[in-house]
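The figures here come from the full heavy-atom set of this structure, side chains too, leaving out hydrogens, waters and symmetry mates. Per chain, numbering begins at 1; letters A, B, ... match sequence-line order.
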Number of protein chains: 2
Amino acid sequence: MSPKNRLIYLPLGGAGEIGMNCYVYGYGPAGKERLIVVDLGVTFPDMDTTPGVDLIMADVDWLEQRADRIEAIFITHAHEDHVGALGLLWPKLRAPVYCRRFTGLLAAMKMEERGLPVDDLHIVDPRPETVAAGPFKVQYVPVAHSIPESAGLLIETPAGKVFHSGDFKLDRDPVVGEAYAPEVFTAIGDEGIKALVCDSTNVFSPAPGRSESSLPEAITGLVANAEGMVVATTFASNVARLKTLAEAGQAAGRSVCLLGRAMNRMVKAAVESGVLSDFPPVLTPEQAAEVPREHLMLIVTGSQGERRAASAQLARGKYLGLKMAAGDLFLFSSKTIPGNERGVIRIMNAYSEMGVDVVDDSGGKYHVSGHANRPDLEEIHAALRPEILLPMHGEHRHLREHAKIGSDKGIASAVVTNGTMVEIGGEAPKVVEHVEAGRVYRDGQVLIGAMDGVVRDRIRMALNGHVLVTVIVDEDGELLGDPWAELMGLPETGKSGTALVEAMEGEMVEFLDRAGPKVMTDDDKIDDALRRIARQVAMEQIGRKPEVTVVVSRLSE
Amino acid sequence: MSPKNRLIYLPLGGAGEIGMNCYVYGYGPAGKERLIVVDLGVTFPDMDTTPGVDLIMADVDWLEQRADRIEAIFITHAHEDHVGALGLLWPKLRAPVYCRRFTGLLAAMKMEERGLPVDDLHIVDPRPETVAAGPFKVQYVPVAHSIPESAGLLIETPAGKVFHSGDFKLDRDPVVGEAYAPEVFTAIGDEGIKALVCDSTNVFSPAPGRSESSLPEAITGLVANAEGMVVATTFASNVARLKTLAEAGQAAGRSVCLLGRAMNRMVKAAVESGVLSDFPPVLTPEQAAEVPREHLMLIVTGSQGERRAASAQLARGKYLGLKMAAGDLFLFSSKTIPGNERGVIRIMNAYSEMGVDVVDDSGGKYHVSGHANRPDLEEIHAALRPEILLPMHGEHRHLREHAKIGSDKGIASAVVTNGTMVEIGGEAPKVVEHVEAGRVYRDGQVLIGAMDGVVRDRIRMALNGHVLVTVIVDEDGELLGDPWAELMGLPETGKSGTALVEAMEGEMVEFLDRAGPKVMTDDDKIDDALRRIARQVAMEQIGRKPEVTVVVSRLSE
């Protein structure tokens, strides 16, 4: 290793939030490192902070400016927060993309949706297959997670080996896919690990994680005892769970039908890629509609209460010819991601009104997490014995707690958040640079920056309402007609019973009649004055200051 | 009891949600019943469904139209969801208001805030004191809850006795206030209860509720072991918890300071009303700023992550001269109400970035609920032995589950939601009428109906953005100048790199130039056409259809 070369780690997304994962590694002379990118994920908007936005992803501006230095993009698994931005961001990076077979099928869809070629998409087999990418040699190490073919990356560099865990849990019997085998990780540890970059999602869960295989018994029992139709939801990508649910239906003598686009796409990809070979036969919705409800089981999308998913459609009434009824059972085989509670509860209550019994995981019987809990993380630390621990895939509090665990064991651990570049070739991580690391929104069909002000204006209109004022003047500043105000998102009538619009227009006419030519010949001055009047009248009449847009039209006679 | 008289129950708020409690009882000839109202509460808005709204309360239009038949308003306790709308709705009802002493102090504030007299506010002592209100005789039965002087109401009518539980738990040692004594409820049951109208909040919690007195040991231990400043938050109205927290600080040799208006108001009311006699001495924020941090404990508002509360202010930096620092401890002695997760997590992460250790109740050690769990509800059913059970204070799923428990025990139970009037003088509840039961919003200084469209327009602007178009024509339909578009909450540039405004204006000019006099002399036709063009161009350029407001100004020459 030349003393001038350095090994760097730079998270651009995922280190400070759960979502939009995007991590960069580099090796080479400072400022000229050859780069690899791990994951290009999205995160989802919410009404509080990002109304109207479709998807959120990491700002890869820093990478785009260095696109000629990118050797490869590695996708660890097919969850949206790891692969969801591939089609949107790849045109900025244009490097070869590597992933395992199942992930590849979904990655290809992401590319094709955006009209992009899939020539640069390469399927990699697990270790010992090795991808050479400039100074990096990368192997896919299968890990158990809540989607098939999840993988950690063993990244060999001239400065030592990095293990990038991806999302993982320790599951000795994961129903679908490769089981956790301690000796695999011990063997990797024996090779010597410079740095472990590690999933932190469940660092606050004190008990060891539970296996996917702990669920079939409880789920099968629940379905067997149901009397009406059974409908179950889980994440569409949790193929092992889909299998458990479908088999529980089959065991109870029920025909199975999958509802929701994502659900069908995932099962198709799992069968095509060979990870799923014995899924029970499924009916189309048309066929299912003919089956007596006590012989039917639906597996549907929408475990997070998403408004357009099948669970929400069924909560509103008929969907694809199917309808819930009193005596049916609805199972949430899932946990509610923080922030989604309101949507999920809305659906639960809609079902309650229909007389449908809703069962969720509050008793801890019908769902297990896909992430390593605290003792599992400690087990992996012990197996890999890294010199450096860099927690990732977590909010700040998760990263901090995870780093504490490492430090307590004498591992050089650091909280490295989005935009912080650290050198990790030495004994401890060393901050070498701070990079602009923001968020980019897909908004309709365009990408906008989080700081552009577009979303800020939407939030303001939602909180304050919007008043439009138009006024027409001639070139000499004479008023042509009266000013006109329109309201959007504001009460029409004020405290005194006066129409708000009339009160505003009255004050404006009075002002404009008195205003001298200095004001009347200056559009900005008119704009400012009318805005001030609109806000002031609104404050008096309704007790709030709205957003105001003033259009001054100046006509030449 | 004359056969023509009937006893009715009509929830207007709280039966179908947790919040805005408002229940009506009536006795007399059909349509001429004399009425009493129990509670006038609020619920809180959220960005998803009620952006910009300040408070939400039940629509009491039905009551207002029958104000002359209202004998009295009874407030069960001082939580906002029971008393928060008193000042806003009382002017519509103008009946005498009854409550216990502590509640009375807060109810008086609600009236005074709105400039209302407090002459109609009457303080009632617990049973055996009895309020005669037309055909009703009402006694306050103390119950334990998470605020002092909570009460159930024993309502005697010519058709039998109703027990309206209020919010309650079974706490044999509640730290502050009256302990649960089974014999009290058995004695009330012995008198014969026609109907139990009962809190359903925790019906899905399978284990018996825990006493407030189970907390001091764990909290005292946590505070004793802390090294830096300790900051704790809980609901300001949970006076028992404030006492436990303050005493834990005192035991650890720390000075205590209360931060947040609500916190100070509650302790003051508790001391004034005599429910709290031995609260540790408290410092002002100015005094606290002089105390070394390892000798200081702050008790602050904002357990739900509210943006303006003390917890959020401290998360953003200095507040009233006080500031958190690395090594401090922040305790959430509270649970997060569904829907508030994002705000709470935001604060946790802000503290994590400061190096503050955050402890919450995820381990079940630092908080207990104020509501009766499932076994506690069963205990109360057994003690009171009602003929009829009407679950209240819950979402539909809670009411339904609670009614199931009653039915399983042979009690005539029914899910009665807001707006459903039932007769309860017979053996089982009988639906007699459906009443319009909506929601009213306090929005700034005015009340608006939930269905007015104001909030719907705000949500649309937030999701879709807003385009304003102005165009000026003369009376003959000649265009005076070019149409003008302005954007709010929309990206400036479309897919093709064109300015969105210019693309819209271009299409509009083209349309108007070609339009005949039939269009150009008709404001509505111009409006429709320009709106359509704005939406179509936006769809092509940015892939979304915005809200559009068109102002056609018609000038006479």
Worksheet item: Where on R442(B) is there a heavy atom nearer than 4.5 Å to chain A: the side chain, the backbone, both, or neither?
Response: neither
Worksheet entry | Where P338(A) and I345(B) come nearest, the two heavy atoms and their spacing | CB-CD1, 3.7 Å
Worksheet item: So how far is it from R307(A) CZ to D48(B) CG, rounded to the nearest 0.5 Å?
Response: 9.5 Å
Worksheet item: Looking at M539(A), H466(A), H398(A), E547(A), which has the largest count of heavy-atom pairs under 4.5 Å with chain B?
Response: H466(A)
Discussion item. Using heavy-atom distances under 4.5 Å, tell me whether Q445(B) contacts chain A through its side chain, its backbone, both, or neither.
Written reply: both
Worksheet entry | Non-hydrogen side-chain atoms of I459(A) and M47(B) separated by less than 4.5 Å | yes
Worksheet item: Within a reach of under 6.0 Å around CZ of R456(A), are more than 12 heavy atoms found that belong to other residues, nucleotides or ligands?
Response: yes
Worksheet item: Taking N349(A) for the side chain and R397(B) for the main chain, is one N or O donor matched with an acceptor at less than 3.5 Å?
Response: yes
Discussion item. Tell me the closest heavy-atom pair linking D457(B) and G489(A), and the distance in Å.
Written reply: CB-N, 3.7 Å
Practice prompt. Using a cut-off of under 4.5 Å on heavy-atom pairs, state which of S362(B), A462(B), G543(B) scores highest against chain A.
Written response: A462(B)
Worksheet item: Between atom CZ of R342(B) and atom CZ of R342(A), what is the distance when rounded to the nearest 0.5 Å?
Response: 8.5 Å
Worksheet item: Do you know the tightest heavy-atom contact between P491(B) and V446(A)?
Response: CG-CG2, 3.6 Å
Worksheet item: Is the side chain of R400(A) donor-acceptor paired with the backbone N or O of G355(B) at a distance under 3.5 Å, no angle test?
Response: yes
Item to complete: Kindly compute the distance separating CZ (R544(A)) from CG (D54(B)), expressed to the nearest 0.5 Å.
Response: 5.5 Å
Worksheet item: So, are K404(B) and D357(A) salt-bridged, with charged N and O less than 4.0 Å apart?
Response: yes
Discussion item. In the structure I gave you, are the side-chain heavy atoms of E492(B) and V454(A) within less than 4.5 Å of one another anywhere?
Written reply: no
Worksheet item: If you take all heavy atoms of S352(B) and H396(A), which pair is closest and at what distance?
Response: OG-ND1, 2.6 Å
Worksheet entry | Part of I448(B) lying under 4.5 Å from any heavy atom of chain A | side chain
Item to complete: Give, for atom CG of L555(A) and atom CG of L480(B), the distance between the pair rounded to the nearest 0.5 Å.
Response: 5.5 Å
Worksheet item: Where on V356(B) is there a heavy atom nearer than 4.5 Å to chain A: the side chain, the backbone, both, or neither?
Response: backbone
Discussion item. So, taking the atom named CD1 in I472(B) and the one named CD1 in I472(A), what distance separates them when rounded to the nearest 0.5 Å?
Written reply: 3.5 Å
